[in-house]
Number of protein chains: 2
Amino acid sequence: MCQLLGMNCNVPTDIVFSFTGFATRGGRTDTHNDGWGIAFFEGAGVRHFVDYQSAIESPIADLIKRCPIKSKNVIAHIRKATQGRVVLENCHPFVRELWGRYWVFAHNGDLKEFAPVLNGAFRCVGNTDSELAFCYILQELRRRFGDTPPELPALAATLRELTGEIAKHGTFNMMLSDGTALFAHCSTNLHYIVRQYPFAQAKLSDEDMMVDFSEVTTPNDRVAVIVTQPLTDNETWTQFAPGELKVFVEGAPTAL
Amino acid sequence: MCQLLGMNCNVPTDIVFSFTGFATRGGRTDTHNDGWGIAFFEGAGVRHFVDYQSAIESPIADLIKRCPIKSKNVIAHIRKATQGRVVLENCHPFVRELWGRYWVFAHNGDLKEFAPVLNGAFRCVGNTDSELAFCYILQELRRRFGDTPPELPALAATLRELTGEIAKHGTFNMMLSDGTALFAHCSTNLHYIVRQYPFAQAKLSDEDMMVDFSEVTTPNDRVAVIVTQPLTDNETWTQFAPGELKVFVEGAPTAL
């Protein structure tokens, strides 16, 4: 199993605070040692970092903690290998292009007897069930909507159907983003929080680190953080229901 | 215009020495300030770093100089924008998946009246002539060979035809790799060197830096470095002929 961290905001925001707590689970407060990765949308572009070193040992993870990258959509992952060897091509998140946008995907869980037929439009480079699920989702989006991306409600409805179908094969907590919205599906474990005005202090549960968000935000900022296990111990996180897909836009869950 | 650097080796090798000289041109010894990028194959996976900061100011470029990443195929690029804004999605190299492999591409030059029809299999995220050429190349490979990647001779012949066709539209110095071979096409400026036993000293022309490769190699190592302008001033670089496509495999140009 693995852990997932996502962030969706209405203004580009750095993820240093959350990532610091999260990365600690990659070998110190938890045993997710088999690589990690993070992808940041910046405009239409993506900064993508993956490593098969543990997140607490990786110099790239250290750089991300020291050099804040501001983004409206971020997905991060720390891996404890269940399927697929500990090699770079099996590290999440995965990135592919569809409809002239990059799509970023990460998965927590384990799928059994999941063997969709891929038509070749999106093929796996590595050998994880996760990358296979991602390729299948993109293939189905392309097959159903052709060359024209749908509006968000139709996209959300289709993703709800596809993630439900995949989740029948096992645990499928996942995050997906095209840079405009962040889609999060829960099988077993996913929590979120929306931080907005009036901002308060937050204290990491994995590290002795505290931040007063009122000092680093403006009253208009809004940030949703989504994670497998809550990162702070003095805030109220909302747990997803099993089978739920939430769509985060501009820092908040939408009613789609 | 921009500058390109590629490396193809028979054993995973770090590119710190060459990249150090190359990155210096990104703002110090030359004026390629509009971003930079580098992609390293590691097994089937790719580490991909792009930045719109200049290479001499970028903390990620600094990390790459400090933390050697070993790879058999590397492509790097420093950008001086001619088409497309200075944003992340326009930074080379670009990465896409075809046939279950990642492909990495970077371009030096400028294409005029180049408007191939894309069928949607590979679409541009940014707005450079370079990414358009990359998408067109992958689309044509997929269209001609279907779901089965060809053997290297057929692939090289097709790439020779496609790059020749694209080069009619302007300057098209480019590098492309699928992690097994590195393809380099020259319109105007491309040079290469093969370093192998007996290894000697090399001295960068852009930095006061020297390396004795005999101290950091084994007698079986072989490394080809390909670059728009030679990086060292005490070695003999071979210039490509205009219109030439060379295929580098296991650290040497092949006769394909």
Side-chain angles (χ1 to χ4, degrees), chain A residues 35 37 39-53 58-64 66-69 71 84-91 94-103 118-127 131-132 134-135 138 142 145-149 178-179, chain B residues 35 37 39-53 58-64 66-69 71 84-91 94-103 118-127 131-132 134-135 138 142 145-149 178-179:
Chain A
F40 302 81
F41 278 93
E42 231 178 288
V46 169
R47 293 182 194 267
H48 181 223
F49 303 91
V50 279
D51 207 348
Y52 45 72
Q53 284 189 286
S58 162
I60 305 172
D62 187 54
L63 178 82
I64 287 168
R66 286 187 295 106
C67 299
I69 295 172
S71 171
R85 291 182 305 134
V86 182
V87 290
L88 197 63
E89 62 267 29
N90 287 339
C91 292
F94 301 97
V95 184
R96 291 287 196 285
E97 173 268 320
L98 169 66
W99 296 322
R101 306 173 192 166
Y102 291 120
W103 294 71
L118 297 185
N119 64 19
F122 302 92
R123 279 166 66 172
C124 293
V125 175
N127 55 352
E131 190 184 12
L132 179 59
F134 181 38
C135 289
L138 294 182
R142 177 91 206 278
F145 297 105
D147 282 340
T148 310
D178 67 347
Chain B
F40 303 81
F41 279 93
E42 231 178 288
V46 170
R47 293 182 194 267
H48 181 223
F49 302 91
V50 280
D51 208 348
Y52 46 72
Q53 284 189 287
S58 163
I60 305 172
D62 188 53
L63 178 82
I64 288 168
R66 286 186 295 107
C67 300
I69 296 171
S71 171
R85 292 180 306 134
V86 182
V87 289
L88 197 64
E89 63 266 30
N90 287 339
C91 292
F94 302 98
V95 183
R96 291 287 196 284
E97 173 268 320
L98 169 65
W99 296 321
R101 306 174 191 166
Y102 291 120
W103 294 71
L118 296 185
N119 64 18
F122 302 92
R123 278 165 67 172
C124 292
V125 175
N127 55 352
E131 190 184 11
L132 179 59
F134 181 37
C135 289
L138 294 183
R142 177 94 206 276
F145 297 105
D147 282 339
T148 311
D178 66 347

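First the proteins, then the strands, lettered A, B, ... as listed; each starts at 1. Just the heavy atoms: all of them, side chains too, but no hydrogens, waters or symmetry mates, feed the values below.
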Seminar exercise, completed: Most contact-rich option vs chain A, by heavy-atom pairs under 4.5 angstrom, among B:C91, B:G100, B:G43, is B:G100
Problem set entry | Among B:D51, B:D62, B:L118, residue most engaged with chain A (heavy-atom pairs, under 4.5 Å) | B:D51
Of the backbone (N, CA, C, O) and the side chain (C-beta and beyond), which part of [X] lies under 4.5 Å from a heavy atom of chain B, both, or neither?
{"X": "A:C67", "result": "side chain"}
{"X": "A:N90", "result": "neither"}
{"X": "A:V87", "result": "neither"}

Exercise. Which atom names give the shortest non-hydrogen contact between A:E89 and B:E42, and what distance separates them?
Worked result: OE1-O, 3.9 Å
Problem set entry | Least distance between heavy atoms, B:L63 atom then A:L63 atom | CD2-CD2, 4.1 Å
Exercise. Are side-chain heavy atoms of A:F49 and B:I60 found at a separation under 4.5 Å?
Worked result: yes
Seminar exercise, completed: Residues at least two apart in sequence or cross-chain that pass salt bridge (charged side-chain N to carboxylate O under 4.0 Å, His left out) with A:R123, listed by chain then number, are none
Problem set entry | B:R47 NZ/CZ over A:Y52 ring centroid, <6.0 Å and within 45° of normal | yes
Exercise. Is chain A contacted by the side chain of B:N119, its backbone, both, or neither, given a heavy-atom distance below 4.5 Å?
Worked result: backbone
Exercise. How many angstroms lie between atom CD of A:E97 and atom CG of B:L138, to the nearest 0.5 angstrom?
Worked result: 10.0 Å
